[in-house]
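Order of listing sets the numbers, starting from 1, for every ligand and every atom in it. Residues: numbered from 1 along the sequence shown.
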Amino acid sequence: MNRKRAAVLISGRGSNMMALIEAAKADDYPAVIALVVSNRHDAPGLERARDAGIPAAVVDHARFGEDRAAFEQALDAKLREHRIDLVCLAGFMRLLTPWFVARWSGRMLNIHPALLPQFKGLHTHRRVLEAGATRHGATVHFVVPEMDAGPIVEQESVAVRDDDTEATLSARVLELEHRIYPRALRALAEGKVGLTAAADQAKAK
Ligand code: GRF
């Protein structure tokens, strides 16, 4: 099997990254996690990746100041240096410019802790509770220039309970995240989803 080389981009604890690393250990998984990149030196996920034997690099956005283009060029160079085919954003807290998004178009996924297209943006669990929504969930989608707006690859939902807090709700959603991200990367690596096909499906709905 010719496995795709995937990179996971993180900014924090990296639990989704670990779910992808674990899934990719299976013999029949169509991707290897070939690289983890963090934009912060202090991301706890870096050490978890290294403990798992995965090359882990830092491309520190702060080093580039306001120069987003230079940061993204450094990131892109790192991905190319490791011959990366596919990119998974997993708690990566930088907005990407249209240049970077276009470069990785159809080859870059993101995970968002809400049932997109509802609750784009930050603090989704709190906002779901405040809105009194009865269901919540997680979505893996293709990355397009508009934030949290790309065609959906995988989505799962859970019921919101009366006694849920942000902590209990986010913990249940995180379990879903860890299930759906490996499924989504598998589908992309096997060529079962593509940006055009997914966009067509979204239009047909
Ligand atoms: C996850 O909830 C993900 O959906 C969101 O940021 C969080 C990252 O968590 N984009 P982790 O670093 O994967 O544990």
**Report entry** Heteroatom distance test (Met17, ligand 1): nitrogen or oxygen, under 3.5 angstrom
**Finding:** no
**Report entry** Gly14 heavy atom under 4.0 Å from ligand 1
**Finding:** yes
Requested in this report: With atom 3 (C) of ligand 1 as the reference point, say which of Met18, His112, Glu177 has the nearest heavy atom.
Outcome: Glu177
Query raised in the report: Can a non-hydrogen atom of Ile111 be found less than 4.0 Å from any atom of ligand 1?
Result: yes
Query raised in the report: Got the closest protein heavy atom to atom 8 (C) of ligand 1, with its distance?
Result: Gly91 CA, 3.6 Å
Query raised in the report: Would you say Leu174 and ligand 1 have an N/O pair spaced under 3.5 Å apart?
Result: no
Requested in this report: Any chance you could lay out the ring pair (Phe, Tyr, Trp, His ring centres under 6.0 Å) test for His141 and His112, step after step, and finish with the verdict?
Outcome: CA-CA 8 Å; His141 62 93; His112 182 73; 7.0 Å; no
Query raised in the report: Should Glu72 and Arg68 count as an ion pair when the cut-off is N to O under 4.0 Å?
Result: no
Query raised in the report: So do Ile180 and Ile111 actually touch side chain to side chain, heavy atoms under 4.5 Å?
Result: yes
Report task. Quickly, which of Arg127, Gln118, His125 forms a side chain to side chain donor-acceptor pair (under 3.5 Å) with His136? Name it, please. Result -> His125
Report summary line: re atom 5 (C) of ligand 1, the protein heavy-atom contact at minimum distance is Pro113 CD, 3.9 Å
Query - 4.5 Å side-chain heavy-atom contact, Met17 and Ile54 - result: no
Query raised in the report: Does a salt bridge link Lys78 with Glu81, judged by any charged N lying under 4.0 Å from a carboxylate O?
Result: yes
